[in-house]
Chemist: 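The structure follows.
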Amino acid sequence: MDVHAVRRDFPILGRQQGDNPLVYLDSAATSHKPTAVIEAMAAFYRRSNANVHRALYELAAEATEMYEGARAKVAGLLGASAEEIVFVRGTTEALNLAAYTLGEARVQAGDSIVVTEMEHHANLVPWQQAARRQGARLQAVPITEGGELDFASYERVLSSGAKVVALTHASNLLGTINPVPELSDIAHRAGAVVVVDAAQTVPHMPVSVSELGADMLAFSGHKMLGPTGIGVLWARHELLEELPPYMTGGEMISEVHLDGATWARPPRRFEAGTPPFAQAVGLGAAVDYLSQLGLRDVRAHDVGLVQRMLEGLSCRPYISVYGPLDPSARAGLVSFNLRGVHPHDVATLLDQEGVAIRAGHHCAQPLVRRLGVAATCRASCYVYNTGGEVETLLSALDEAWRILR
Amino acid sequence: MDVHAVRRDFPILGRQQGDNPLVYLDSAATSHKPTAVIEAMAAFYRRSNANVHRALYELAAEATEMYEGARAKVAGLLGASAEEIVFVRGTTEALNLAAYTLGEARVQAGDSIVVTEMEHHANLVPWQQAARRQGARLQAVPITEGGELDFASYERVLSSGAKVVALTHASNLLGTINPVPELSDIAHRAGAVVVVDAAQTVPHMPVSVSELGADMLAFSGHKMLGPTGIGVLWARHELLEELPPYMTGGEMISEVHLDGATWARPPRRFEAGTPPFAQAVGLGAAVDYLSQLGLRDVRAHDVGLVQRMLEGLSCRPYISVYGPLDPSARAGLVSFNLRGVHPHDVATLLDQEGVAIRAGHHCAQPLVRRLGVAATCRASCYVYNTGGEVETLLSALDEAWRILR
Amino acid sequence: MKGYGEIILDHWRRPRNKGRLPAPDREAVEANALCGDVVRMQLELEGTRVSAAMFDGQGCAISQAAASLLTERIKGKPVGQLAQLADQEMLSALGELTSTRSSCALLALWALRQALKEDQ
Amino acid sequence: MKGYGEIILDHWRRPRNKGRLPAPDREAVEANALCGDVVRMQLELEGTRVSAAMFDGQGCAISQAAASLLTERIKGKPVGQLAQLADQEMLSALGELTSTRSSCALLALWALRQALKEDQ
Ligand SMILES: Cc1ncc(COP(=O)(O)O)c(C=O)c1O
Ligand SMILES: Cc1ncc(COP(=O)(O)O)c(C=O)c1O
């Protein structure tokens, strides 16, 4: 992968931040978009725009074909079939849909739903709500001191059965990649459906749903070079067939009477109303772009950058790093803190050097609390970041430390 | 309003459909986009892209400002305040949000929810679901032979009280514009909250929430020259303050613990996860474009075209027209049928002339059934349509009739 | 206007074998809830051959013309052969057709397959 | 690196009036749940004037420096005047500041306002 060639595809990287070039290390929050993605959507609006489904004119047939074509591309990326791909706004909606419909279909009073201590709020709060609605119990599996899922606790919790296990493929704060195939096996033996938050993995590495062994998978387009406003819920087709709808309205029905309605088959049952069809076309272009780079190479590039970050951060005595120390056990991000310095100050000082990192609780308040801090700094990388940018980050941190200690 | 100048702003109108120029008469399904909107989003991705809220670097502050700026523009359009504007995917999500949260907060077993016989599935099925969840009763106010809401029935139904009245501002099939101010008054006296589906009106005429007198209003960006993937729920701020969240996850919380969470204040409480921020920027550009045209002029243009359509259709003995005959009592669309001919055949034959109309049940199956037909043809217009295009429609209908009768 | 092909218009204007058989051996109804198209196919068999076929129904020109055409095509044919009739054959028999309408064009064929499946 | 202005760094490195008053007449705590910043403001009054002010807390440099600066500014001032202290005055007293951090800069002022409101 030629990172300098890649960079030329991303117009925003030409941006100056004050007197400095932009060093964007916040791709875990949202990624930038290559010209191919921006142009795919603009061209759609300029040439092929029409509402999808149902219309009988050529223009609408073309738009529908492009929308369904995007679904097929996403299915191809995951090794899934197109009818298992539901388009939603993003990971958050996908997980709300999962929690609501699985809650209704599978969870009864007294049942148990299992999450982990390292979940993003998007994979925690919807399950709290589902548990509340169904009168079920929510159990959170703790993490170890090293920032990994406590495997023994996981087995123990599941030994008394559960209806759903909701867990992240990779923590957006610790970076930890969870061994989903093993965890799914254990969950399945306990009779649970496994829902995986893949917001931080599908964009960054090859993910095959059959190898993963889970039953549902959620991710966002905007974190994988695609537009905002679109995301994906993948689920096994038999499971989708069994579930009631989440939102209702046009396009997801079979027949509607004033006193009731019947539902279309999946995936349409879960796509009420006008879907984000132009964004689907953009996401399709993003999948093409990533596939051309090759997700194996994308992953290798991430691991190389994370390794440089981990080395650079660990050798600075004023810095503490959170999560596993092995770069290959991590997603493409590192959280850290400067001793006695609030992460917000670090982020502000780095911004003045043109370095964009995130500081805060990263939508994982229980985890931040578990780590015993108010917040952390997080640097995250993607296909367009260079080793030189990691060096810029490290020297900007030295400078911030000099100023604030 | 100079329609020929307007047309030059819409690149798709240069499209040929076979040997004919595209005559697009399906804007009620989705509108086309002016270059200003397409470019606003492309420029955002090229220059200002970053996840909104919480980040401390300049780029994210800029993106957040643009996102909140779009909210202010939408508020300005409606004469509302920005904190009353919730961004969602579209009308359908807005109405699902309304039905779920009002159901939870206001509707108890035995209570009554009132809809009308002319609702789009998006403003009917979510209320069926809410009624089912709460054990409430759903009542549908019938329409008259002339295709208007049966006012006497409406008063009668409400005289025994209701918790919610959900009704459309304009029917997407009949075109009928409902007198929302009067209907809201009656509903409020009965103690009901009024939810208005404004998908067919906000894009086409001046709509002021204070004049309307309703409590909630839903519409879609993609029908008002904006992108897909974004829509708006407006609600009175006191009402929003009272309601529980719909989706949960990041950004909508105040504090999260493993065993529960508290909510942010509106509008953030209702915007879980990464919002469609690039689409908000596009919608903001669409609001600017429409405001520059002037919504009074947009409405006058629609009325002129609908008048020509109504005259042309009514004088053809083989055509039946549905809905009110007064163009000023209608939104910018007309439904009709050719005697003994299936609307799908009409749409297909018209498509071969380059004329794009919609044929089907228009996501209003109970209404179509009430009219005693299987489906209707519908031609709908917008700022870029011309009187000449209406003539093309009419002569294409004559030709279709010649072929199929 | 290109309009519909001559085959469709011909069958739409003068449908063949429309009505009911007095004592059909096989029969099935297929409907497309979304457009309201309905087609009933009825067959009389002599041994393993179709001796008579009639259709009935309502809906768009394509669905009704396709049903009419199909009754003509299957008369006298061995049942085994009909079970193999492919979607593509039906579509091309109708002449040029836009892809948005293929479910209309195939409704009669689906009814035929259903009829052949039943009580076999 | 432009860094923080000298005023912020000075107050952050050598906070003034940090600690607790033995017998405060007024006191309030404000926290920013999202970043974990906490500021407690304590006042002693003599008549209608502030005779002593101290702060305590934890969090980012801006929130703590702002609290320190504020204690200096208000000492000896009439209470009526403090109630009118505007956001903008606080922000400009701290020097150049990015807009993303204004809630940190204003936390101490909010605590002061809260303290003045209570039991008046
Ligand atoms: C009256 C009405 N309500 C609701 C909708 C649904 O809007 P959307 O599909 O954008 O959610 C539409 C458009 O299809 C409509 O015309
Ligand atoms: C692990 C994880 N889950 C869920 C989300 C939520 O994704 P979105 O905001 O796109 O819905 C994110 C991103 O913020 C994430 O990193």
Side-chain angles (χ1 to χ4, degrees), chain A residues 11-12 15 17 29-30 32-33 38 42 45-47 49-51 54-59 89-90 92-93 96 120-122 125-126 128-129 140 220 222 227-230 247-250 253 255-258 260-261 272-274 276-279 344 347-348 351 356 358-360 363 365-366, chain B residues 11-12 15 17 29-30 32-33 38 42 45-47 49-51 54-59 89-90 92-93 96 120-122 125-126 128-129 140 220 222 227-230 247-250 253 255-258 260-261 272-274 276-279 344 347-348 351 356 358-360 363 365-366:
Chain A
I12 203 169
R15 182 179 163 125
Q17 211 48 49
T30 199
H32 290 312
K33 325 300 171 197
I38 301 171
Y45 285 130
R46 280 192 220 108
R47 286 203 296 265
N49 178 63
N51 211 330
R54 301 286 175 79
L56 299 168
Y57 51 87
E58 212 27 57
L59 182 64
R89 176 168 42 247
T92 301
E93 183 181 352
N96 275 271
H120 187 281
H121 295 162
V125 190
Q128 292 175 345
Q129 298 288 96
S220 300
H222 69 95
T228 58
I230 192 159
M247 292 195 205
T248 55
I253 51 89
E255 262 194 68
V256 177
H257 294 263
L258 285 173
T274 301
F277 53 79
Q279 288 74 41
H344 287 181
T348 299
D351 181 38
R358 189 149 291 243
C363 295
Q365 288 183 1
Chain B
I12 202 170
R15 182 179 162 126
Q17 211 47 49
T30 200
H32 290 312
K33 325 300 170 199
I38 300 171
Y45 286 130
R46 279 192 219 107
R47 287 203 294 265
N49 179 63
N51 210 330
R54 303 285 174 80
L56 300 167
Y57 50 87
E58 210 28 56
L59 182 64
R89 176 168 44 247
T92 301
E93 183 181 352
N96 275 272
H120 187 282
H121 295 162
V125 189
Q128 292 176 346
Q129 298 288 95
S220 300
H222 70 94
T228 58
I230 192 159
M247 292 194 205
T248 54
I253 53 89
E255 261 193 68
V256 177
H257 294 263
L258 284 173
T274 301
F277 52 79
Q279 288 74 43
H344 287 182
T348 299
D351 181 37
R358 189 150 291 243
C363 295
Q365 288 183 1

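Reminder, nothing fancy here: chain letters follow the sequence lines and each chain counts from 1.
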Chemist: Tell me whether Gln365(A) contacts the main-chain N or O of His257(B) through its side chain, where contact means a donor paired with an acceptor under 3.5 Å.
Modeler: no

Chemist: Check Gly229(A) against Pro276(B) and note the closest heavy-atom contact, atom names and distance.
Modeler: CA-CB, 4.0 Å

Chemist: Between Gln279(B) and chain A, which part of the residue has a heavy atom less than 4.5 Å away: side chain, backbone, both or neither?
Modeler: both

Chemist: Once you round to the nearest 0.5 Å, how far does CG of Asn49(A) lie from NE2 of His222(B)?
Modeler: 10.0 Å

Chemist: Measuring from atom OH of Tyr57(A) to atom CZ of Arg358(B), what distance do you get when rounded to the nearest 0.5 angstrom?
Modeler: 5.0 Å

Chemist: Of all of Gln129(B), His120(B), Arg89(B), which one pairs up most often with chain A through heavy atoms under 4.5 Å apart?
Modeler: Arg89(B)

Chemist: Below 4.5 Å, heavy-atom pairs only: which of Cys363(A), Gly260(A), Ala272(A) has the largest tally toward chain B?
Modeler: Gly260(A)

Chemist: Select one option (side chain, backbone, both, neither) describing which atoms of Arg47(B) are under 4.5 Å from chain A's heavy atoms.
Modeler: backbone

Chemist: Specify which of Pro126(A), Gly90(A), Ala278(A) makes the most heavy-atom pairs with chain B at under 4.5 Å.
Modeler: Pro126(A)

Chemist: Of the listed residues (Val125(B), Thr248(B), Leu59(B), Thr92(B)), which shares the most heavy-atom pairs with chain A below a 4.5 Å separation?
Modeler: Thr248(B)

Chemist: Would you mind telling me which of His121(A), Glu255(A), Lys33(A) has the largest number of heavy-atom pairs within less than 4.5 Å of chain B?
Modeler: His121(A)

Chemist: Using a cut-off of under 4.5 Å on heavy-atom pairs, state which of Thr30(B), Thr228(B), Leu258(B), Leu56(B) scores highest against chain A.
Modeler: Thr228(B)

Chemist: Can you tell me how far the CD atom of Glu93(B) sits from the OG1 atom of Thr274(A), to the nearest 0.5 Å?
Modeler: 12.5 Å

Chemist: Side chain, backbone, both or neither: which part of Ala140(B) has a non-hydrogen atom closer than 4.5 Å to chain A?
Modeler: side chain

Chemist: Within the side chain of Asp351(A), is there an N or O that forms a donor-acceptor pair under 3.5 Å with the backbone of Glu58(B)?
Modeler: yes

Chemist: Could you tell me whether the side chain of Asn51(B) and the main chain of Ala29(A) form a donor-acceptor pair under 3.5 Å?
Modeler: yes

